[in-house]
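Numbers restart at 1 for each chain; the letters A, B, ... are given by sequence-line order, proteins then strands. Since we're looking at a predicted model, the values are computed, not measured.
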Protein chains: 4
Amino acid sequence: MELKHEVKSSVKDGELIEKRREQIIQGAVRLFKQKGFHRSTTREIAKEAGFSIGTLYEYIRTKEDVLYLVCDTIYDEVQHRLSGIADEEATIEGLKRAIDVYYRLVDDLADEFVVMYQESKSLPKKALEYVLEKERAMTGLFNALLTACAEAGELRITDKSIGLAAHHIVIQGQMWAFRRWELQHMYDLDGYIEFQTDQLLNGLVKPVQG
Amino acid sequence: MELKHEVKSSVKDGELIEKRREQIIQGAVRLFKQKGFHRSTTREIAKEAGFSIGTLYEYIRTKEDVLYLVCDTIYDEVQHRLSGIADEEATIEGLKRAIDVYYRLVDDLADEFVVMYQESKSLPKKALEYVLEKERAMTGLFNALLTACAEAGELRITDKSIGLAAHHIVIQGQMWAFRRWELQHMYDLDGYIEFQTDQLLNGLVKPVQG
Amino acid sequence: MELKHEVKSSVKDGELIEKRREQIIQGAVRLFKQKGFHRSTTREIAKEAGFSIGTLYEYIRTKEDVLYLVCDTIYDEVQHRLSGIADEEATIEGLKRAIDVYYRLVDDLADEFVVMYQESKSLPKKALEYVLEKERAMTGLFNALLTACAEAGELRITDKSIGLAAHHIVIQGQMWAFRRWELQHMYDLDGYIEFQTDQLLNGLVKPVQG
Amino acid sequence: MELKHEVKSSVKDGELIEKRREQIIQGAVRLFKQKGFHRSTTREIAKEAGFSIGTLYEYIRTKEDVLYLVCDTIYDEVQHRLSGIADEEATIEGLKRAIDVYYRLVDDLADEFVVMYQESKSLPKKALEYVLEKERAMTGLFNALLTACAEAGELRITDKSIGLAAHHIVIQGQMWAFRRWELQHMYDLDGYIEFQTDQLLNGLVKPVQG
DNA sequence: TATGAATGAGATTTCATTCAT
DNA sequence: TATGAATGAAATCTCATTCAT
């Protein structure tokens, strides 16, 4: 199902491609954070990556490829770090741990998240689809865990509400990235996680003995 | 604190300016929805507005002015439609009505909201500040109402949590704009408002006789 | 049948388009004569035409459009100047006059012919087809006249040979353009026409009486 | 007058140079046929030749060298295959044989001829001169043979016409290369040779007893 | 006021050539 | 000798902005 939208390179050495793309991505993220995708030029990207414009184009075909590489990498990291969630036990505690992992991930990659959400609509159609699919998968992880908790009788939640609750978690996390500067006046990350989690579970947890 | 970032026009007739800018904004929103700010050209904006590129530049100074006009207009509309909130009574019912008004506003201006949040970082610094200030004012409305309710003893909520809850409301509304296509599979607007409101109040409402 | 491969312009004033394209074509021919199509840059073309690169692109879409405009114009001139041939009388004298007109045309437009034949394969497929069609039409004019002469009993020539003879005439004329510098050591235009015409007719004219 | 425009190579082994250049030329002709000289990249030339871009540049100095090699090789082959002409006997039959040899040569190397005539103006000045000199030598072969025939009383032809007739033969042959696809509808090679030869001699041969 | 032709800085992309391995 | 990654000058094309009419 990995319909990975391939980015063509004219360089043959796979390891080198890996290394150079790493440089490109790092440079691009630094740049996009400051100026966004459209205001960053390919020359700047090349320079930030540490090589010439010609070399940049040995590893990508178009400027949009850079954006795709950035988005793809972020989701790969996300996927990697969230991979544990799928195996969490279907309990309130498991759910809390999953949310905690996710929020800390957002905090670490806050800049990257902002870049991705603000620029991804500039991706070519096929690449956008692929990225959206990854985003859906992320929501899906929480959806599965919530479903498992509900089935295990840990949550009083209707099937209908599960989907929304999953979105809820995901969005609430992203909010930390997008409004960090405002929110950090009021909360630190731990406080924020605690508040949001309580807030969520207050509505969902089965009272101990109804 | 009205730092209204003025947009200069070489036309003198105030009414005409009003009318032309209306055309510009409407055209621009239609365009930005499809292609985003950067991918839309000034020629396209002029055409979509119904006049020539020369005329466009009689009413704005730079392309960024168009984006500013769009953002500014949206907030004017928001401010107008939310003006009642400030006067709501400090009760759960008052809070519910305020939230309802806000969610319906987001639903009506969903496209505009999406455009604004995706593109506003392209505004020049000063204009961006002004827009962010308006955004803060919006959150402030709910903040004030929540505070009033808390003071009136209608809500069990710490001072510290009020700010976050206000953000919560604002974000939850915007989520409807950003994820409409996914969410509409599960909920219609009324259902969504109800669910979100319940969810929020579950955590905040003082149990009847706790 | 005029499948004229349209060249799009973003300028609306038809007369202006006409005028500017005239400038473009003249400048381009001057340039292409010296350096050929590929070695001429769009900036040089603009400069030679007498305006800025931006203006050039108001009147064409791509560099290839310039080549097409050049080729098209040459053939228009050719077609115009050969239009009389179609009405020539079906006699040896008529044929001679037609050949004379054609050779003088080639002499006048020698540079243009060279440009066209050396560069036309760089045209995009559709435009190339259109140009080739015009070339075929030119050969067709002589074909028709030769056929008429044969039918009128003025020439002893098999049907099969007519096609080749028409090609012959066309090529022999082009040779004057392509090898001018060599041939002019030996002949002036009048002498060349006379020699070639004699040569051709020697083989084709019916001996006065058996 | 062998001004052989030397192509420098950094490889010492003469045989290897020979072999590699053969590969380069063959690949280049294939490529130039399809896309022309300017549209073919050095990378493509290297690939088509069967080795890397680095290796290509061990055997040439510039891209234009490739074009020169192609042109030079064609003329070497031409010279080789026409070498017999110089020794032909000064009779009509000898002339006919010479023409026959030449036409068949053109037919064999048709693609190469087309490439050469369409691209040779892209050669650097010195190389172009050298190639033109070879072309002149080819015409010279026929010139000499025609002169010999005239002196032997086999042809009624003025001195002045000999030069033109030689050009005639050369061009008529090239016409087969350039317009093959049109002409093959009407003639096969044998028929074409016969027709052209008759045509030519009709004007030149002394009537048997005139 | 309205128009749209003109401008040219600047963006993306290509590709001949070099050079370290 | 062979390789192919690196380079950067240069090419094409776009588009925000101006200004004469």
Side-chain angles (χ1 to χ4, degrees), chain A residues 9-13 16-17 19-20 38-46 50-66, chain B residues 9-13 16-17 20 38-47 50-66, chain C residues 9-13 16-17 19-20 38-46 50-66, chain D residues 9-13 16-17 20 38-47 50-66:
Chain A
S9 165
S10 38
V11 172
K12 295 173 179 178
D13 179 343
L16 192 55
I17 294 179
K19 181 179 150 198
R20 292 282 180 254
H38 282 102
R39 280 177 154 43
S40 306
T41 70
T42 50
R43 292 197 119 81
E44 288 171 321
I45 295 169
F51 33 69
S52 71
I53 182 68
T55 301
L56 176 65
Y57 275 90
E58 294 282 307
Y59 296 92
I60 57 160
R61 273 253 200 295
T62 69
K63 190 186 174 192
E64 279 162 346
D65 280 348
V66 176
Chain B
S9 163
S10 43
V11 173
K12 304 298 167 207
D13 179 343
L16 192 53
I17 294 180
R20 292 280 180 256
H38 282 104
R39 282 187 162 21
S40 304
T41 70
T42 50
R43 283 174 136 94
E44 287 171 321
I45 294 169
K47 191 173 186 186
F51 36 69
S52 71
I53 180 69
T55 301
L56 177 65
Y57 273 86
E58 295 293 318
Y59 296 93
I60 58 162
R61 277 264 186 285
T62 70
K63 189 185 173 192
E64 281 159 345
D65 280 349
V66 176
Chain C
S9 165
S10 39
V11 172
K12 294 173 179 177
D13 180 343
L16 193 55
I17 294 179
K19 182 179 150 197
R20 292 281 179 258
H38 282 102
R39 282 178 153 42
S40 306
T41 71
T42 50
R43 289 196 124 82
E44 287 172 320
I45 295 170
F51 34 69
S52 71
I53 182 70
T55 301
L56 176 66
Y57 275 90
E58 293 283 307
Y59 295 93
I60 57 161
R61 273 254 200 294
T62 68
K63 190 187 174 192
E64 280 163 346
D65 280 348
V66 176
Chain D
S9 164
S10 43
V11 173
K12 304 298 165 207
D13 179 343
L16 192 53
I17 294 181
R20 291 282 180 255
H38 282 103
R39 283 185 161 25
S40 304
T41 69
T42 50
R43 281 173 136 94
E44 287 172 320
I45 295 169
K47 192 173 187 186
F51 36 68
S52 72
I53 181 69
T55 302
L56 177 66
Y57 272 86
E58 296 291 319
Y59 296 94
I60 58 162
R61 277 268 185 284
T62 71
K63 191 187 174 192
E64 282 159 345
D65 280 349
V66 177

TODO: Applying side chain to side chain donor-acceptor pair (under 3.5 Å), name anything that partners B:S52, two or more places apart in sequence or on another chain.
DONE: B:T55
Open item on the list: Among residues at least two apart in sequence or on other chains, which ones pass side chain to side chain donor-acceptor pair (under 3.5 Å) with B:R43?
Closed with: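 With neighbours one apart ignored, the set is empty.
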Would you say [N] has OP1 or OP2 under 4.0 Å from some side-chain N or O of [X]?
X	N	answer
C:T55	E:dT7	yes
A:S52	F:dT7	yes
C:R20	E:dA6	yes

Rounded distance (nearest 0.5 Å) linking atom [atom1] of [X] with atom [atom2] of [Y]:
X	Y	atom1	atom2	result
B:T41	B:K47	OG1	NZ	10.0 Å
C:E58	C:K12	CD	NZ	11.5 Å
D:I53	D:I45	CD1	CD1	8.0 Å
C:E64	C:T62	CD	OG1	5.0 Å

Open item on the list: Side chains of A:Y59 and A:D65, heavy atoms from C-beta outward: is any pair under 4.5 Å?
Closed with: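 Side-chain contact under 4.5 Å: no.
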Rounded to whole Å, how long is the line connecting atom [atom1] of [X] with atom [atom2] of [N]?
X	N	atom1	atom2	answer
A:Y57	E:dT12	OH	P	6 Å
B:R61	F:dC19	CZ	P	12 Å
A:I45	E:dA11	CD1	C1'	11 Å
B:K63	F:dT18	NZ	P	15 Å
B:Y59	E:dT1	OH	P	6 Å
C:I53	F:dC15	CD1	P	15 Å
A:H38	F:dT14	NE2	C1'	14 Å
A:E58	E:dC15	CD	P	12 Å

- [ ] Kindly calculate the angle separating the two end axes of the helix from E:dA2-F:dT21 to E:dT21-F:dA2, each obtained from five base pairs, and round it to 10 degrees.
- [x] 0°
Task: B:E64 or D:D13, whichever maps to the more 5' nucleotide of DNA chain F - done: D:D13
Open item on the list: Between A:G50 and C:T62, which residue's closest nucleotide on DNA chain F lies nearer the 5′ terminus?
Closed with: A:G50
TODO: Take A:R43 and C:K12, find for each the nucleotide of DNA chain E with the closest heavy atom, and name the residue whose nucleotide sits nearer the 5' end.
DONE: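 Looking at the nearest nucleotide for each, C:K12 comes out on the 5' side.
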Open item on the list: Both A:S40 and B:F51 contact DNA chain E. Which one's nearest nucleotide lies toward the 5' end?
Closed with: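 Final value for this comparison: B:F51.
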Reckon [X] touches a base, only the sugar-phosphate, or nothing at all at heavy-atom distances under 4.0 Å?
X	answer
D:S10	nothing
C:T41	sugar-phosphate
B:R39	nothing
B:T42	base

Open item on the list: Can you confirm whether more than 12 heavy atoms, excluding those of C:R61, are under 6.0 Å from its CZ atom?
Closed with: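 Count not over threshold, so no.
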